[in-house]
Amino acid sequence: MIAFFDALRHGLDAIPHLGKGMAIAYVLYLIGLTGWIMLQKREPVATLSWILSLAALPYIGLFIYYLLGPQKVKRQRLRRGRSRSGMEHYSSVCPPDADCTELAAIGQATTGLAPSSATEVEWLVDGAATYAALLEGINQARDHVNLEYYIFEPDHTGTAVRDALVAAAQRGVQVRLLLDAVGAGNIRAAFLKPLLDAGGEAVWFHPRQLLKPFKRPWLNLRTHRKLVVIDGLLAFTGGINITDEENEQRDPNAYRDLHMRLRGHVVRSLQLVFMEDWLYASGQDAQQFDQARLWPRETPSRDDGSINAQVLVSGPDSGWETIHRLHVAAIHEAKHRVWLVTPYFVPGEAARMALTSAALGGLEVRLLVPKMSDSWFVTQAARSYFDELLQAGVKIYEYGPRMLHTKAFIADDDVCIVGTANFDHRSFRLNFELSMLLRDKDRVAELAGILDHEFDSASRVHNERNRGLWRHRLPEAFARLASPLL
């Protein structure tokens with residue numbers, strides 16, 4: 001180390017005065033930047049990628065990292081932990097006599113949400129069916145409607161949902177609408193005014209702070225969750241946002257997607273997830289709410305439901321990467337089948353090793369991704385992993401021409417994970433996500449039937465695919481190199 005600084009000093013002595021000052025500033029910039037990034041304690045590959053990328057873009061790179069780089073959320077984690085105060089007793093623990101598998105135990109240990117049950121789980125394919133079921137639920141609401149969305153557009157579909165919420169609020173239903181400040185950035189005050197005038201509430205999750213001095217803007221760390229809880233008895237979640245882009249009745253090229261409607265004891269866990277996010281974003285106190293209204297007495301008990309269900313949440317307020325961890329654990333536990341459907345496929349080393357090991361071990365491993373997603377860069381990054389997967393025996397399919405937005409996973413005949421999380425770094429580490437872990441042969445069989453149709457509509461990717469250097473291999477290699485930064 002002493003020799004390094006001696007060499008650095010002698011090197012600087014040889015530089016003209018102006019150049020020496022710039023060189024010293026650059027060295028200090030690199031030292032400070034490297035220390036800052038290292039303290040984030042991310043994966044070594046991601047850390048080195050950020051350091052090398054920003055070293056090549058001095059000062060401009062620092063501004064980019066300030067806007068988009070990893071952010072510590074220790075303070076936010078404490079605030080979110082406090083927001084659970086007064087509600088923690090509504091999250092139960094796994095009963096000693098329950099069938100608590102290793103997957104269920106991991107989920108509870110990393111989220112605090114115990115295995116539960118559902119009396120009803122209905123798969124909703126595409127936006128039209130989902131919006132019809134959602135509007136029906138809102139129109140029948142008697143006490144409250146709690147909604148949390150990443151994207152909520154003020155278009156035809158969004159206006160229809162808003163008008164239903166306005167009508168519900170006018171008849172005395174408590175309406176709470178939690179919107180992500182980036183994903184729902186097209187919403188204006190005039191659009192929300194009818195809801196607020198009717199007595200509803202609307203709150204923004206992580207408002208952008210671009211114009212606030214000394215505060216890093218929340219360009220990352222978004223709530224990517226899509227969640228609706230009605231009267232504490234009925235819930236909706238999955239991959240479908242509120243937008244004409246996902247409504248095939250409005251757009252023939254609408255996204256292909258999957259949602260679910262649930263009833264039963266597990267709705268209590270989903271209610272808890274929403275209330276934590278609401279209290280965190282609004283700054284309100286849990287004691288302000290009538291707990292009897294949030295947790296109605298007529299909610300089915302855990303024993304009433306025959307479908308094993310568990311809520312999985314993950315986000316930058318936890319270092320456990322629960323949804324990522326559960327996918328990897330389920331792949332390792334699988335005995336004969338692993339199916340993965342995702343619009344964005346940028347796996348980390350653990351997931352990539354799990355998938356290839358399963359295929360090498362003789363399991364039927366299928367991967368379904370869009371032929372071309374709404375992000376060219378992510379599409380190239382995904383394809384950069386194809387060769388390794390194909391060589392291991394993974395069957396890869398590309399769906400098109402519609403954009404595939406489904407996020408679904410099946411292991412064997414009795415385990416599935418469906419929700420909001422993509423299979424990439426952003427969903428596993430940066431976004432607040434929500435997925436459902438179901439252990440039920442009938443529901444998995446129904447889901448397998450839906451996915452089978454998607455596989456039949458997709459084209460198979462083969463090892464002998466024709467890929468040119470400039471058009472395919474180099475873009476894929478570059479996207480893969482930058483994938484830890486996504």
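Everything numeric here is computed off the predicted structure, so don't read it as measured data. Numbering of residues begins at 1 and proceeds along the displayed sequence.
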Is there a donor in the side chain of His332 and an acceptor in the side chain of Glu102, or the other way round, less than 3.5 Å apart?
no
Between Glu454 and Thr406: side-chain donor-acceptor atoms closer than 3.5 Å
no
Whether the side chain of Arg352 engages the backbone of Val346 through a donor-acceptor N/O pair (distance < 3.5 Å, no angle test) should be reported.
no
Considering all heavy atoms, the nearest His327-Ile417 contact
CE1-CG2, 3.8 Å
Among Asp251, Asp257, Asp126, side chain to side chain donor-acceptor pair (under 3.5 Å) partner for Arg402
Asp126
Compute whether any side-chain donor of one residue and acceptor of the other, for Glu201 and Gln174, lie under 3.5 angstrom apart.
yes
side-chain contact (heavy atoms from CB on, under 4.5 Å) for Phe409 and Ile331? Distances and angles first, verdict last.
CA-CA 10 Å; Phe409 169 88; Ile331 295 171; 3.7 Å; yes
Step by step, work out the side-chain contact (heavy atoms from CB on, under 4.5 Å) result for Phe191 and Asn186.
CA-CA 10 Å; Phe191 181 82; Asn186 290 330; over 6 Å; no
Judged by atom type as modelled, is there a donor-acceptor pair below 3.5 Å linking the side chain of Arg250 to the main-chain atoms of Glu245?
no
Val125 and Ala129: which non-hydrogen atoms are nearest, and at how many Å?
O-CB, 3.7 Å
Please list all pairs meeting ring pair (Phe, Tyr, Trp, His ring centres under 6.0 Å) that have one or both residues in residues 104-126, counting only residues at least two apart or in different chains.
none
Rounding to 0.5 Å, atoms CG (Leu262) and CD1 (Ile307) come to a distance of 8.5 Å
Is the backbone N or O of Pro296 less than 3.5 Å from a side-chain atom of Thr299, with the two atoms forming a donor-acceptor pair by type?
yes
Set of residues satisfying side chain to side chain donor-acceptor pair (under 3.5 Å) with respect to Thr322, sequence neighbours excluded
Thr110
Could you grab the distance from atom CD1 of Ile138 to atom CG of Asp231, nearest 0.5 Å is fine?
11.0 Å
For residues Cys416 and Leu447, report the shortest heavy-atom separation together with the two atoms involved.
CB-CD2, 3.7 Å
Would you say that Glu153 contacts Ile151 through its side chain, given a criterion of any heavy-atom pair below 4.5 Å between the two side chains?
yes
Pairwise side-chain contact, Arg176 with Val203, heavy-atom cut-off 4.5 Å (strictly under)
no
Looking at residues at least two apart in the chain, or sitting in another chain, which of them share a salt bridge (Lys or Arg N to Asp or Glu O under 4.0 Å) with Asp440?
Arg443
When you measure from the side chain of Ser375 to the backbone N and O of Val378, does any donor-acceptor pair fall under 3.5 Å?
yes
Rounded to the nearest 0.5 Å, how far does CZ of Phe205 lie from CG of Leu221?
8.0 Å
Does the side chain of Pro347 come within less than 4.5 Å of Tyr385's, by heavy atoms?
yes
Does any part of the side chain of Val338, heavy atoms only, come nearer than 4.5 Å to the side chain of Glu364, both counted from C-beta?
no
Distance under 6.0 Å and angle within 45° of the ring axis: does Arg366 meet both against Phe455?
yes
Can we call the ring centroids of Tyr280 and His206 under 6.0 Å apart?
yes
Check ion pair Lys441-Asp412 (N to O, under 4.0 angstrom):
no
Give the intermediate values and the outcome of side-chain hydrogen bond (donor to acceptor under 3.5 Å, both in side chains) for residues Glu433 and Thr420.
CA-CA 6 Å; Glu433 302 282 3; Thr420 71; 2.5 Å; yes
Does the Thr356 side chain pair with the main chain of Met353, one donor and one acceptor, at a distance under 3.5 Å?
yes
If I compare all heavy atoms of Val121 with all of Leu438, which pair ends up nearest, and what's the gap?
CG1-CD1, 3.9 Å
Assess, by modelled atom type and distance only, whether the side chains of Trp278 and Gln284 contain a donor and an acceptor separated by less than 3.5 Å.
yes
Under 3.5 Å side-chain donor-acceptor pair for Ser269 and Ser116:
no
Of all residues at least two apart in sequence or in a different chain, which pass the salt bridge (Lys or Arg N to Asp or Glu O under 4.0 Å) check with Asp180?
Arg222
Gln310 side chain vs Ala104 backbone, donor-acceptor pair below 3.5 Å
yes
Is the shortest side-chain heavy-atom distance between Leu389 and Lys395 below 4.5 Å?
no
Should we count NE2 of His336 as having more than 12 external heavy atoms under 6.0 Å?
yes
Main-chain N/O of Trp320 paired with Arg325 side-chain donor or acceptor, under 3.5 Å
yes
Which heavy atom of Pro343 sits nearest a heavy atom of Met403, and at what distance?
CB-CE, 3.7 Å
Do Val418 and Met260 have side-chain heavy atoms sitting under 4.5 Å apart?
yes
Can you find a side-chain donor-acceptor pair between Asn247 and Thr157 that sits under 3.5 Å?
yes
Taking every non-hydrogen atom, the tightest pair across Ala164 and Leu135:
CB-CD2, 3.7 Å
Quick one, Arg383 and Phe386 - any side-chain contact, counting heavy atoms below 4.5 Å?
yes
Polar contact flag, side-chain donor to acceptor under 3.5 angstrom, Ser117-His265
no
Within this structure, what is the CG-CG distance for the pair Leu147 and Leu177, rounded to the nearest 0.5 Å?
5.5 Å
Within 45° cone of Tyr399 ring axis and under 6.0 Å: Arg256 NZ or CZ:
no
So does Arg225 pair up with Glu276, basic N to acidic O under 4.0 Å?
no
Could you go step by step and tell me if Lys371 and Ser459 meet the side-chain hydrogen bond (donor to acceptor under 3.5 Å, both in side chains) rule?
CA-CA 8 Å; Lys371 186 179 296 290; Ser459 57; 2.8 Å; yes
Parallel, tilted or perpendicular: which one describes the rings of Phe423 and Phe428, with boundaries at 30° and 60°?
perpendicular
Atom CG in Asp155, atom CD1 in Ile242: separation rounded to 0.5 Å?
9.5 Å
Nearest-0.5 Å distance, CD1 of residue Ile323 to OG of residue Ser435:
3.5 Å
Look only at the side chain of Glu321 and the backbone of Ser314, and say whether a donor-acceptor pair between them is shorter than 3.5 Å.
no
Please check if the side chain of Asp304 supplies one atom and the backbone of Ser301 the other of a donor-acceptor pair under 3.5 Å.
yes
Among residues two or more places apart or on two chains, list those pairs meeting ring pair (Phe, Tyr, Trp, His ring centres under 6.0 Å) that have a residue in residues 220-257.
Tyr150-His224, Tyr255-His405
Set of salt bridge (Lys or Arg N to Asp or Glu O under 4.0 Å) partners for Glu136, sequence neighbours left out
Arg261
Short side-chain to backbone donor-acceptor contact, His144 and Gly232, under 3.5 Å:
yes
Would you tell me whether Tyr344 and Asp374 have side-chain atoms, one donor and one acceptor, within less than 3.5 Å of each other?
yes
Do Leu451 and Ile410 come close enough that some side-chain heavy atom pair is under 4.5 Å?
yes
